[in-house]
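Taking it in order: structure first as structure tokens, then the write-up.
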Amino acid sequence: VSTILHPRAILALTIAIQAAAIGGCARNGAPAMLGLNGSAGERRIAPRGFEVPADRYLAHVAVLSHDSLKGRGTGDAGNEVAAGYIAGQFAAAGLSPGGDDGTFFQEFTITRGGRLGEGTRLAFEGVDVPVQLNETFVPFGFSSLGEFTGGVVFVGYGATLEDPPHDDYADVDVTGKVVLMLRRMPEAWADASFDANPAVFTTKMKLAEERGAAAVLIVNQSADEQDDLMPFRRGNSSEQIPAIHIKRAAVDAILAAGGEPSLSELQAFLDAGHGPVSFALEGVTATGDVDYTVTELITRNVLGILPGSGPDRDEYVVIGGHHDHLGERGGTIHNGADDNASGTAGVIEAAYALAAVPDRNRSVLFMTFSGEEIGLLGSKHFVDNPTIPLDAIVAMLNMDMIGRLNRDTIDNMLEVQGLGTGDSLRAIVDRRAEDYNFKFIPDDSALGPSDHAPFYRAGIPALFFHTGLHPDYHAPGDDVEKVNASGGAEVTALVAAVALDVIALAEPPQYVVVDRPAVMVRAGSTQAQQSGAPRVVIGIRPGEADESGLPGWSVGEVTPGGPAAHAGMQAGDRIVRVAGREVGGFGDYREAVREKKGGDVVDVVVRRGSQELTLSVTLQAR
Ligand SMILES: [Zn+2]
């Protein structure tokens with residue numbers, strides 16, 4: 001295990017430079033306050049209480065999305081510089097450190113990349129089968145480290161079903177054995193019922209581990225000539241035992257040596273819906289070693305506290321947004337000005353705004369997250385390792401992509417999700433939206449793919465502020481020039497005002513369960529069409545980007561009743577092909593449907609676990 005630590009020096013230097021530069025900024029630049037009524041009983045400021053300066057808001061976005069920060073990829077130096085900048089701003093706004101050991105930072109570790117070590121090997125005794133790393137076998141990215149040895153047992157698809165009843169392990173003892181199984185599952189099982197999807201690697205691994213297997217060998221289900229192996233790419237976690245992807249030719253040689261039927265024959269039997277065909281390969285032992293190094297990277301959330309002074313000062317409102325973005329992908333810097341320098345700038349300016357309010361009842365924790373783009377890692381880490389008691393947090397307000405406000409198009413008007421998650425939230429947001437002249441798209445649910453969701457799942461009422469997707473989403477064109485600074489500043493002022501009302505509430509919002517995913521309803525606009533946005537909708541919301549190394553574009557949420565839902569698409573699917581075109585992101589998807597119109601039917605190929613499905617989707621006009 002090698003650890004790369006980015007020099008603290010970078011961080012310290014950034015903060016020092018900032019503190020020097022900001023001395024003046026804080027004096028001159030405190031946000032203008034209008035109409036504080038100061039009534040002790042009401043503790044509510046008058047309409048339009050905050051004016052967030054758009055030029056300063058834009059300056060934050062420009063710094064954070066500057067090329068020199070190289071897209072703020074989690075674990076990269078540019079992300080550290082961003083964290084340092086945010087901490088400097090928090091200090092200048094007068095916040096106290098809210099992180100570990102009296103700092104503004106909460107560190108956490110991510111693992112990334114990983115390289116196979118020289119010790120990686122696989123051999124079969126009792127049968128003459130040459131095997132070679134990367135040619136005939138390769139460890140899976142989710143494999144554990146370590147040596148193994150054991151007799152080989154074929155276990156079909158390595159699955160258990162409830163109905164029809166089926167257990168590939170029923171007649172074999174695999175304790176200490178190396179189990180050999182097929183990838184995915186037979187089509188015949190499409191309507192079967194089961195506890196956990198038998199087609200996915202995690203289920204196959206869990207079943208093998210539960211039965212005491214020493215290691216798992218998985219062979220492709222498809223008999224295609226290429227029989228590709230998945231390149232080794234370590235994810236963020238690993239299984240308990242070694243797992244190796246092995247080619248069909250090697251498996252056939254082993255089976256033939258033992259006088260067993262070929263893999264295709266065994267598979268045909270299983271695919272026809274027949275019962276288990278599991279057996280030990282007499283006299284065949286597999287030995288191997290999975291050896292890789294993992295790169296561990298330190299990254300950090302940034303936390304600053306604005307203490308309250310009222311009777312409820314031990315309670316907190318969290319105002320947050322993620323500061324990481326995609327970094328460099330395919331050699332191109334993805335600056336993420338809207339996603340999410342815009343929301344980070346919002347958190348910073350909300351801190352300046354609220355710090356200028358005298359006599360706040362509750363305290364506020366301002367917080368920016370790292371690791372959002374690779375699976376909400378920063379917000380999940382905080383919820384699992386809170387620096388203040390979670391039950392002291394009365395609400396979480398999240399800003400993610402608030403930089404493309406366009407009040408005139410439904411595509412980019414403000415959307416506020418989570419309105420139903422706390423009993424008093426809707427009234428507060430409605431009133432403040434009126435103050436700030438915002439029409440917005442409401443949604444009661446807080447179950448959407450951003451940092452508020454882990455808080456909501458932990459029992460905290462949560463709001464999500466967002467100004468919509470666009471063709472530059474997760475693309476290199478998400479740059480500062482396209483950010484609507486006055487719009488972002490106004491959303492920030494609204495968020496600060498909503499926070500102030502929550503801070504002042506006599507009773508904290510009561511948590512309400514809204515047990516359905518948030519949906520984004522965005523109809524078309526001529527402007528969006530001219531900018532290249534598709535004229536059709538498929539009815540999904542993209543999911544979190546991840547480090548799985550799997551191809552395609554992950555589906556975060558499926559709009560109930562929408563085209564994708566009708567076609568059977570599910571959250572967690574990965575779209576790999578649309579209308580014959582490989583899809584790696586929104587840009588590819590847009591290209592694939594550019595010429596399509598409402599009513600057109602396209603084949604959408606999705607990966608679900610290790611299964612690949614072709615769904616016929618009837619596109620809907622925007
Ligand atoms: Zn984002």
Side-chain angles (χ1 to χ4, degrees), residues 60-61 64-65 69 71-76 78-79 82-83 86 110 299 301-302 318-327 329 333-348 350 367-382 396-405 411-412 414-418 443 446-456 462-480 482-484 487-488 491-492 495 517-518 520 522 540-547 553-557 585-587:
H60 302 311
V61 177
L64 294 166
S65 64
L69 270 64
R72 310 184 304 282
T74 298
D76 295 344
N79 183 293
I86 297 156
I110 60 159
T299 190
N301 296 327
V302 188
V318 173
I319 299 179
H322 72 91
H323 65 252
D324 68 300
H325 191 54
L326 305 176
R329 295 230 168 151
I333 298 175
H334 289 57
N335 281 322
D338 182 30
D339 186 12
N340 184 33
S342 71
T344 304
V347 176
I348 291 169
M367 182 163 191
T368 68
F369 308 99
S370 190
E372 192 268 356
E373 302 283 9
I374 54 174
L376 311 183
L377 300 186
S379 47
K380 284 176 182 164
H381 179 82
F382 176 83
M396 194 278 180
L397 279 55
N398 181 30
M399 288 176 264
D400 192 354
M401 301 178 68
I402 59 166
R404 295 289 187 107
L405 180 72
D411 289 330
N412 292 111
L414 178 66
E415 179 166 18
V416 185
Q417 297 182 353
D443 195 326
L447 294 177
S450 186
D451 292 305
H452 55 288
F455 286 82
Y456 178 61
L463 291 173
F464 173 49
F465 297 82
H466 177 70
T467 56
L469 297 180
H470 42 76
D472 295 315
Y473 173 68
H474 282 195
D478 183 4
D479 284 324
V480 66
K482 294 173 190 160
V483 164
N484 174 357
V491 174
T492 300
V495 171
M520 184 181 294
R522 302 275 185 183
I540 65 146
R541 187 156 178 181
E544 303 154 11
D546 62 40
E547 287 281 298
W553 191 37
S554 74
V555 177
E557 318 283 356
F586 182 76

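Quick note: numbers below take in every heavy atom, side chains included, and nothing from hydrogens, waters or symmetry partners. We count ligands from 1, going down the list as the structure has it; atoms in each ligand are counted the same way. We count residues from 1, following the sequence as given.
The Zn ion (ligand 1) has an N, O or S atom of His322 under 2.8 Å away, backbone or side chain. At a cut-off of 2.8 Å, Glu372 is not counted among the residues with an N, O or S atom near the Zn ion (ligand 1). At a cut-off of 2.8 Å, Glu373 does not coordinate the Zn ion (ligand 1) through any N, O or S atom.
Centred on the Zn ion (ligand 1), the OD2 atom of Asp400 and the OD1 atom of Asp339 lie at an angle of 150°, reported to 10°.
The pair Asp338-Lys482 fails the salt-bridge criterion, with no side-chain N (NZ, NE, NH1 or NH2) lying under 4.0 Å from an Asp/Glu carboxylate O. Taking a cutoff of 4.0 Å between a charged side-chain nitrogen and a carboxylate oxygen, Lys380 and Asp451 do not qualify as a salt bridge.
Under the 30°/60° scheme for interplanar angles, the aromatic rings of His466 and Phe464 are found to lie parallel.
With Asp478 contributing its side chain and Asp472 its backbone, the two residues share no donor-acceptor pair below 3.5 Å.
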